[in-house]
Amino acid sequence: MDLMEAIKGRRSIRRYKPDPVPEEVFRTVMEAVRWAPSWANTQCWEVIAVKDPRVKSELATALPKGNPALSSMADAPLVLVLCGRKGISGFYKGQATTVKGDWLMFDTGIAMQTLCLAAYSLGLGTVVVGMFDHKKAEEILGVPGDVEVVAMTPLGYPATEGRTRKRKDISEFVFPDRYGKKD
Ligand SMILES: Cc1cc2nc3c(=O)[nH]c(=O)nc-3n(C[C@H](O)[C@H](O)[C@H](O)COP(=O)(O)O)c2cc1C
């Protein structure tokens, strides 16, 4: 699939078929994550691939009732929980090198988008899920203190097409030379 086609065609999928994701397809998606860029190649991401229906439904309790992705947690055959190891990305000899501190959110964000695009190119659906009780998810999954859960996504074959949501025009976020300047 052409890259621009993947970038523009990927949509958040919130309804899934129960069909399992073949192991080699899953590994191809993880291979894409493997090649994501990261701060000094620190690769702070870790992925928990949740297949056990009991763990998936327990994880779903960490989402607020109003989260539109809630039902997809049970429907999809897999839920991938993207974690970040703390104190690595953006650090040199234990010291933060920029005012931004830990770049974990940035690196795991890139990894997540890489995952979503690779999944889409293989006919799979994803939706980034960020609105949930992170502490609860960490407890359910036994995540140690030096690692944090950042976001999750169901992974499976779409049961519906995603709705295409309006995007800003390029002129609304690109400024020539100085912030806020218009052509
Ligand atoms: C950081 C982040 C967190 C998100 N959290 C949620 C979420 O908790 N629940 C949900 O249904 N969608 C969530 N989304 C999906 C967005 O709503 C979606 O990407 C956006 O509306 C654009 O739609 P599209 O992905 O179909 O292009 C999240 C997306 C991002 C990038």
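Order of listing sets the numbers, starting from 1, for every ligand and every atom in it. Just so you know, these numbers come straight off a predicted model, no measurement behind them.
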- Specify the protein heavy atom at minimum distance from atom 5 (N) of ligand 1: its residue, its atom name, and the distance to 0.1 Å.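 Scanning the protein heavy atoms, the shortest distance from atom 5 (N) of ligand 1 goes to G130 N, 3.0 Å.
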- Task: Report the nearest protein non-hydrogen atom to atom 19 (O) of ligand 1: residue, atom name, distance rounded to 0.1 Å.
- Result: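 That would be S12 OG, 3.3 Å.
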- Query: Under 4.0 Å from any heavy atom of R11, which atoms of ligand 1 are there?
  - Reply: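 Listed by number with element, the hits are 24 (P), 26 (O), 27 (O).
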- Does K166 come within less than 4.0 angstrom of ligand 1, counting non-hydrogen atoms of the residue?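 No, K166 has no heavy atom closer than 4.0 Å to ligand 1.
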Which part of [X] is near ligand 1, with near meaning a heavy atom under 4.0 Å away: side chain, backbone, both or neither?
| X | answer |
| --- | --- |
| V127 | side chain |
| R165 | side chain |
| V128 | both |

- Message: Any carboxylate oxygen within less than 4.0 angstrom of a Lys/Arg side-chain nitrogen, looking at R34 and E31?
- Response: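 Yes, this pair counts.
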- Does D52 come within less than 4.0 Å of R54, counting only side-chain N to carboxylate O?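 Between R54 and D52 there is a salt bridge, with a charged N closer than 4.0 Å to a carboxylate O.
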- Without swapping roles, check the side chain of S12 against the backbone of V127 for a donor-acceptor pair under 3.5 Å.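 No, S12 side chain to V127 backbone: no donor-acceptor pair under 3.5 Å.
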- Task: Report the member of R14, M152, M112 with the shortest heavy-atom distance to atom 16 (C) of ligand 1.
- Result: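 Among R14, M152, M112, the closest heavy atom to atom 16 (C) of ligand 1 belongs to R14.
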- Query: Is there any salt bridge (Lys or Arg N to Asp or Glu O under 4.0 Å) pair reaching into residues 7-25, and which pairs are they, with sequence neighbours excluded?
  - Reply: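 Sorted pair list comes back empty.
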- Item | Parallel, tilted or perpendicular: rings of F132 and H134 (30°, 60°) |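 Because their plane-to-plane angle is under 30°, the rings of H134 and F132 count as parallel.
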- Task: Mind checking salt bridge (Lys or Arg N to Asp or Glu O under 4.0 Å) for E58 and listing every partner two or more places apart, or none if nothing turns up?
- Result: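 E58: no salt bridge (Lys or Arg N to Asp or Glu O under 4.0 Å) contacts found.
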- Query: Can you find an N/O atom of V129 closer than 3.5 Å to an N/O atom of ligand 1?
  - Reply: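 V129 vs ligand 1: no N/O contact under 3.5 Å.
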